Amino acid sequence: MAAQEVDDFLDDELVNQYIVFPPEVIAAIDQVFPSQDPLDRADFNPVDYINNLFPTEQSLSNIEEVISDFQGKIHHLDSEIKSCIRSQSGVSADGAAALEEAQIAICQLFARIKDIRAKAEKSEHTVREITRDIKQLDIAKRNLTSAITTLNHLHFLVFGVDQLEVLCQKRQYSEIASLLQGVSRVMEHFTPYLDIPQVKQLADQLDQIEKRLGDQISNDFKEAFSGSGPKQPSTLTQLSEACSVLNVIEPRFKREIIRWFVGLQLVEYSHLFQESEENAWLDRVDRRYAWVKRHLLSFEERMGRIFSQDWEMSERIAVEFCILTRNELTKIMAKRVNEIDVKLLLFTLQKTTQFEELLSRRFTGASMEELLSSEKSAKKIESTNPFEEPVGKNPFEEEDETEKSVPSNQVQLTITESLTVSPFHGLISRCFENHLNIFVDSQDKNLAELMDRFVADLKIQGTSLAQAEIEGCCVLPSCADLFVFYKKCLLQCAQLSTGQPMLSLASVFKKYLREYASRLLQSNLPSSGGAAGLIQNFQSLLKEGDMSSTSPKYSKDDIARICTILTTAEYCLETTQQLEGKLKEKVQPALADKVDLGSEQDLFGSVISQCIQLLVADLECACEPALVTMAKTAWQTWESVGDQSQYVTLMTSQFKHYIPFIRDCLVSSRKYFTQFCMRFVNAFMTRFVQQLYKCKPVGVVGAEQLLLDTHMLKTALLDLPSVGSQVTRKPPASYSKMVVKGMTRAEMILKVVMDASDTNAKYVAHYMRLLPESDPSEFQKILDMKGVRRSEQQLLVDLYRAQQSSQGDREDSSTFSAVSASNTQGLPLSPDHESSRIKKLEKLIKRRL
C-alpha cells in the first residue's frame, strides 16, 4: 500500500513537472467547460484554499465534515471517469469500420468520375467534327468581307486623289474640303499597309496635294489683299471656302495665313503710331485704343464672313495689337523715361486697364492658348516678359534690401495664372511694371508731406490734445487719416500691379509707420527728466514737515496726453495687423511671405509700454513722500497701536486721486489699464519692501503698527483697479494673486521682526518657515530692523546658514539645541507675551475690516 502511494506521488510529481498547458489551451478549456470551482483554476494554490476553508482555529471543529464532503466529491469523480472510460472502449472498433466504409465510397466515386470524363471527351470530339466545316466557312466569309471593304476603300482613295487633282486646278474649294476630309479618313485605314509601294505612292500623292493646296490658298489670300482689299463678293466666297480647306489640311498652313493676315491688319497701326509720331507718346495712348476699336468694327463688317467663327480672327487681331502696343510702349518709355511723371503714368494705366477690361468682356480668350505655347517656346531662348517667373526659381528667395531693384521676372504672374484672372489682364499694362516706382515715389512724397502736416497740426493743438475728451481719451485724428490714405494707396496699387511694386509700397508703409510712431507719438510724450530733483524736493519738504505742498510729476493734462498717445498706439497696433493681412491678401501669393510689419507692430507695442511706464513712474513718484515718511518714523519708540498711519492715508489718497482719472482716460483700453495696475503694484511692492528695511530699529509695538499698515495697504491695492468707481469689478485673478503674494511677504517680514523666540535656533527656524525663499543678506537686514547688535548678528547668520544648508534633516536637532543652549542670552524675549500681542493685533485688524 505504501509503495502504491509512493507511485501515485511520483505520478503527481511527473504530471506537475511535464504537463504544463499554455495560456491559450487553458483559456479554451475555460470557455468549453466553464467552472467557478477554485480547484479548476490553473493558478490553484492549496495553501490559500485551505486558509479560506479554515480561516480561524474555531473553524477546525468541522474538519471531519469537510473531509467527508471532499471524499464524496472524489468518489463521484471516480465514477464519472470510469463511465467515460467504459464508453470509449468500443470507439476504436467503430472508427475502423467507419474508415473502411469511407474508403469504399471514395473508390466508387472515383470510378464514376472517370466514366463521366471519358464520355465528355467523346462528346467534344463529336462536336469538333461537326463544326469543323462551319469554322472554315466563317473564316472565309470574314476574309472575303475584309477584302471587299479594302478594295472599296482603295477604289475611293484612287478616285478621290484623281478628283482632288482636277478640283485643285479649278480652285473649287467647297468640293475639295468635303472630298479631302473623306479621303483623309480613308487613308487612315491604309496606315498598316504603307509598306506596299502602291499604297505608299497614293499617300505621298495625297501629301503633295495638301501642300499644293496650302501654297495655292496662301497665294490666293495674298493676291486678294494685295490692293485695297477684296471687292468682289465671289472672291470673298472663294476665300471663305478656302478657309474650310485649311481646317482639313495640315494646321501649319492655317497658322501661317493667320499670322500673315493679322500682321497685315496692323500695318497701318504700326505706321500711324511709330516712335517718331506725336501720337506714340503716353498722353495720347487713348488714340491707340480708339483706332483698334474702329478697325475691329470695320474688319467684322467687311471681312468677318471670310473666316469661320472658331478662327477667332477679331480676337487674334486684338491680342496681336496688345502685344505690339506693349512692345512699342516699352521701347518709347525706356527712351523717354525722364518725361514720365506720376500723373501721366496713372492716366495711361487707367486708359490701358479700361481697354483690357473691355477686351475681356468682348472676347473669350480662346486664342490665348496658342500665345501661351508660342511664348513658352520663346522663353526658352530669351524671356522678355516681365510677368513670367522662371521655372524652378524659388519665389521665396530673400531680398538684400527693399530699395534694390529685383528682376520682375522673378516675381510676376505666368500667363497661365493671368488667364485664370482675366484673359487680357496685364497684356498691355505689364509694360508699365518697371516704371511703377514713379507711383511708389510719389506716394512716398505725399506721405512725407502728410506727416509734416500731422506734426504741424499737433504743435498747433498743444495742450488741447489732452483736453479733447477728459472721460475716455480718443485717438489722434491724424492716425485715422494716415490709415485712410494707406487704404487708398493700397487699392490703387492693387489695380496697377500686385507684384514687386506692391512690396515697394509696403516698404513705404513701414517707413512712415515708424516715422509716425517716433515723430507723433514718442516725441510728444511728456519729458521724464527732473525725477531726481523732484525726489530731492520731496525729501527736503518732508524734513520741514510740509507734505501738502508737494506737487506731482505730471499734471492731469500730461496724464491725459500720455493716455491719448497710448490709445493711439493701440489703434495703430491693431490697424497695422489688419494692414499686414490686407497686403498679404492683395500681393501675389509667391510674395506674401515677404510682407512683414512685425517690427512696426513691436514699435507701437514699445510706445504702449513706454506710456504705461510713465504712468507707473508718475504714481510711484506721488507715493514716494509717504514711503520716505514711513522710513523716517521712529518705530522703536512707538507706544501704542491705533488707526492706520498718516503715510498710509496719504498713499490711499494718491490712489483715489490718480487711478479714477487714468481709468477714465483708458476706458477704451481696459487691458492696458489692467497692465498699468499690475506694473504699478509690482514696482510699488518692491519699493515698499525696500523702504521697510530702512525702518530700523523697530520695536514690537512699532512692528505691530507696521503690520496693521501693511494689511491696510494690501486691502487698498486689491481694490486699486476699481477705486473711486461706482461699479465694483472684481480684479483679474493674476492681479489679486500678485498683490497677495507681494504684500504677504512684507507681512511675513514684520512677523519675523515681532518674533520673540527664547532661543536663536527657534528664531532662525521660525524665520525659515515664514520666509523660505530668503537669503543671508535679507536675514541680516531683518536683524537690523529688529535692533540686534552687530556682534550678535554673526552668530545668528552663521546659524541661519548652517540650518539652511541642512534644511529638512531632522537628525541634527541635537546639534541645534546644543548651539542654542550656548546662546540663550542672545534674545531675551518672552514668547508668551509676544504671541498674546500678535493675537490682539489680529483682532484689531478684524474689527477694522
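Remember, predicted model here, so these are calculated numbers, not experimental data.
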Residue pair S478, L520: steps toward the side chain to side chain contact (heavy atoms under 4.5 Å, CB included) verdict: CA-CA 9 Å; S478 58; L520 278 92; 3.6 Å; yes
Test item: S270 and L324 side chains (from C-beta on) under 4.5 Å apart, heavy atoms: yes
Neighbour count >12 (heavy atoms, 6.0 Å) for atom NZ, K584: yes
Pairs involving residues 278-304, ordered by first then second residue, that meet ring-ring contact (aromatic ring centres under 6.0 Å, His included) (sequence neighbours left out): F261-F299, Y269-W291, Y289-F355, W291-H295
Heavy-atom closest pair, residues E356 and I428: OE2-N, 2.8 Å
Chi angles and distances behind the salt bridge (charged side-chain N to carboxylate O under 4.0 Å, His left out) call for E300, R362: CA-CA 13 Å; E300 291 177 355; R362 172 62 178 81; 2.8 Å; yes
Test log, rule side chain to side chain contact (heavy atoms under 4.5 Å, CB included), inputs E320 and R316: CA-CA 6 Å; E320 186 63 25; R316 293 177 187 275; over 6 Å; no
Between SG on residue C322 and CG on residue L359, distance to nearest 0.5 Å: 5.0 Å
Distance, nearest 0.5 Å, that separates SG of C479 from CZ of F604: 7.0 Å
Interatomic distance, L296 atom CG to E315 atom CD [nearest 0.5 angstrom]: 11.0 Å
Residue pair K293 / L358, side-chain heavy-atom distance below 4.5 Å: yes
Contact check, side chains of Q578 and K582, non-hydrogen atoms, under 4.5 Å: no
Residues K335 and E328 bridged, charged N to O under 4.0 Å: no
N/O donor-acceptor pair under 3.5 Å between T575 side chain and C572 backbone: no
Spacing of OG1 belonging to T352 relative to CZ belonging to R288, to within rounding of 0.5 Å: 9.5 Å
Candidates K511, Q577, R514 - the one meeting side-chain hydrogen bond (donor to acceptor under 3.5 Å, both in side chains) with E600: R514
From CG (D602) to CG (L597), nearest 0.5 Å: 11.0 Å
Closest contact, heavy atoms only, L603 versus A517: CD2-CB, 3.5 Å
Donor-acceptor contact present, side-chain S146 to main-chain N143, <3.5 Å: no
Exercise: identify the closest heavy-atom pair between C489 and F439: O-CZ, 4.2 Å
Shortest non-hydrogen separation from Y486 to V508 and the atoms involved: OH-O, 4.3 Å
Value rounded to 0.5 Å, distance of CG in L476 from OH in Y516: 4.5 Å
Non-hydrogen atoms of L583 and M502 that approach each other most closely: CD2-SD, 4.1 Å
Enumerate donor-acceptor pairs with a distance under 3.5 Å from any side-chain N or O in residues 442-454 to protein atoms, sequence neighbours excluded.
from : atom 1 : to   : atom 2 : distance (Å)
D444 : OD1    : Y512 : OH     : 2.3
N446 : ND2    : S442 : O      : 3.3
D452 : OD1    : R519 : NH1    : 3.2
D452 : OD1    : R519 : NH2    : 3.1

Nearest heavy atoms of Q492 and L346, plus distance in Å: NE2-CD1, 3.5 Å
F483 and Y571 aromatic ring geometry - parallel, tilted or perpendicular at 30°/60° bounds: perpendicular
Side-chain donor or acceptor of T348 paired with backbone N/O of L344 under 3.5 Å: yes
T576 side chain vs Q601 backbone, donor-acceptor pair below 3.5 Å: no
